[in-house]
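By convention in this document, chain letters (A, B, ...) are assigned in the order of the sequence lines, proteins followed by strands, and residues within each chain are numbered from 1. Just so you know, these numbers use all the heavy atoms, side chains as well, and skip hydrogens, waters and symmetry mates. For clarity, every value in this text was computed on a predicted model and none was experimentally measured.
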Amino acid sequence: MRVLRETTIGLRRSGWSNWLVISILAIALTIFGGVLQTTMAIKEVVSSWGSQLEISAYLKDGVEPQKVAKVISQFPDVQIVEIVPKEVAWAEMQSNYKVAALSNPLPNTLHVKLSNVQAVEKTADKLKQLSTIEHIRFPLKVARNLNRFRQFLEIAGFVVTGALSAATLTVIGNTIHLVIESRQREIEILSLTGVSPWYIKGPLILQGASYGLAAALIAGSFLFGLHSYMDPYIHDQLLSFLPMNNTGTEISLLPTFVVVLTLGVAVGAGGSAWTSGRYIKI
Amino acid sequence: MIRLQNVYKEYNGKPALIDASLHIGLGEFAFLVGPSGAGKSTLMRLLYREELPTRGTVTIGGINITKLSKAQVPLLRRRLGIVFQDFKLLPRQTIFDNVAYVLRALGVDEIDVRRRVNSALAIVSLADKDDEFPENLSGGEQQRVGIARAIVNGPPVLLADEPTGNLDPQTSLEIVQLLERISQRGTTVLISTHDQPIVNAMRKRVISLKQGQIISDVDSGIYEMEAMK
């Protein structure tokens, strides 16, 4: 209770600088949230494209497709193994094209769908090693490009998060340092008269956490507005031009908001704790 | 109550206190004298655990305070009253609130706060100025507020670091006499000072420091400036 009262006093005394910190933090968190949301959305789309990639495995003559399909379905990351009997493939070919009347030259085929794009090459290698398989075919270049793009997004997200966290920590650290400077005498008196460190540092940590909370709520509102405005355009117009199936790739804003809120409060409290530890010697 | 045994303290390899040993009993009143740089402030800081000795032990009330963990230091300081040269009052708080500040921070209930603050202000003869702000008080009165704040928690030991440094001679004498009265109530009082007239007027125990060493410790002593040269 006393700590809360001291926190309120600290916030009141900081005056306009509260808003400065909250504004800078809110901008940083909005950018971070925007990047996170975009990264997640793109990753989801890329991942959805990746799961649309499939490996076609052509079986040797005389091999029972059900048995091979059963073996392959045990592989990690394999989602579905679809059997295309050679009779079906031949009939389809005959109905689509004019082909000479000869005996069926096609092999039994398995279409292997995977849960993620990273697994395409690895699974293809494993399939090649099966003696029951004559030949496999898969879009190697597409798989590799999608993988590279996904990795780039992960690194970019990591770098942006790191840079914004560092900037935010600096802003909070400076503000709390100013608060400590302005309360130097009180802090010294409290420290020398045996008041517990929590009572001295607690209000500063809570002040930092409340900056983070307020900034996260503002950033969350911005992101919500932006999401509501942009989402229909992205889905109805932008993604509809792409040659892949993009249904089911909508990303909820809730996880991003939870991350922004947690990061804001953690960075706020953490920045204050670090600054208090640095400038208040008890 | 206060005991130092072979205490040595150095800063960056330079000795500030050299093998200091002394004992000050319960309710005793003593001056710690010496010129600037003699080691008075270092010794005081060791007593309230602002510093740790390079070697040796410091005991207060039978507890070796050099062995205290960081978390235990606040508990030690609650048993000490500290008076500062620059008073260290909060300008935006009334005299009453300045004295009550620490009690409230320690979670003492408001009825007890009122009782203890009024009692402390009565001891320093400032009961009628409880709703004034520090800027409206003279230097001597501000220092009396500092003393009231130091004794409000009933500490067995009172440490005063140059308490008369910012005061005129007459006010200085009144402040030291006030500290002596507090000592007579059973509190151990140690005053660090280089105010020769005050020390000589009081004729109390005088512990003299020179270049980090205790060069004399005399009951009913005086501050011998010549010996310091």
Side-chain angles (χ1 to χ4, degrees), chain A residues 1-19 173 175-210 269-282, chain B residues 44-45 47-52 60 65 68-93 97-110 113 120 134 142 145-146 148-161:
Chain A
M1 194 64 197
R2 282 175 288 122
V3 171
L4 283 178
R5 198 180 56 220
E6 289 293 320
T7 308
T8 317
I9 292 170
L11 284 168
R12 223 169 25 217
R13 277 193 196 163
S14 298
W16 63 270
S17 64
N18 287 329
W19 295 109
T175 308
I176 297 298
H177 186 196
L178 287 176
V179 175
I180 292 170
E181 287 287 316
S182 72
R183 301 189 65 188
Q184 189 88 43
R185 179 157 284 202
E186 286 164 65
I187 289 168
E188 193 180 0
I189 293 166
L190 290 171
S191 165
L192 290 175
T193 47
V195 174
S196 76
W198 163 242
Y199 183 84
I200 300 170
K201 292 180 184 174
L204 298 168
I205 295 171
L206 284 182
Q207 189 169 344
S210 44
S272 298
W274 180 73
T275 313
S276 310
R278 192 171 166 203
Y279 294 105
I280 302 176
K281 300 289 173 214
I282 296 170
Chain B
M44 294 299 249
R45 281 202 296 270
L47 292 176
Y48 53 82
R49 252 301 290 267
E50 186 79 344
E51 302 274 1
L52 274 168
I60 291 182
I65 65 165
L68 294 180
S69 67
K70 253 188 160 181
Q72 289 171 314
V73 172
L75 303 177
L76 161 77
R77 290 180 179 169
R78 283 175 210 175
R79 301 185 64 211
L80 303 174
I82 306 174
V83 179
F84 308 95
Q85 178 177 356
D86 60 352
F87 323 135
K88 293 198 194 302
L89 302 181
L90 304 172
R92 281 179 290 195
Q93 298 206 16
D97 289 334
N98 261 284
V99 179
Y101 188 65
V102 173
L103 290 179
R104 285 173 178 152
L106 290 172
V108 176
D109 74 78
E110 201 53 36
V113 167
Q142 288 191 40
V145 177
R149 184 182 57 202
I151 61 169
V152 75
N153 207 19
V157 176
L158 187 69
L159 304 172
D161 196 359

Which pair of heavy atoms, one from B:Leu106 and one from A:Gly194, lies closest together, and at what distance?
CD2-O, 3.7 Å
Proximal component of B:Asp86, with respect to chain A [non-hydrogen, under 4.5 Å]
both
With a 4.5 angstrom heavy-atom cut-off, could you sort out which part of B:Leu80 is near chain A: side chain, backbone, both or neither?
neither
Quick one: does any side-chain atom of A:Arg185 pair with a main-chain N or O of B:Leu90 as donor and acceptor, under 3.5 Å?
no
Run the side-chain contact (heavy atoms from CB on, under 4.5 Å) check on B:Ile82 and A:Thr193 step by step: do they pass?
CA-CA 8 Å; B:Ile82 306 174; A:Thr193 47; over 6 Å; no
Under 4.5 Å from any heavy atom of chain A, what part of B:Leu89 do you find: side chain, backbone, both or neither?
backbone
Can you name the closest pair of heavy atoms from A:Ile189 and B:Arg149 and give their distance?
CD1-NH1, 3.4 Å
Please look at B:Arg45 and chain A and tell me whether the side chain, the backbone, both or neither of the residue comes under 4.5 angstrom of a heavy atom of that chain.
neither
Under 4.5 Å to a heavy atom of chain B? For A:Leu192 that would be both
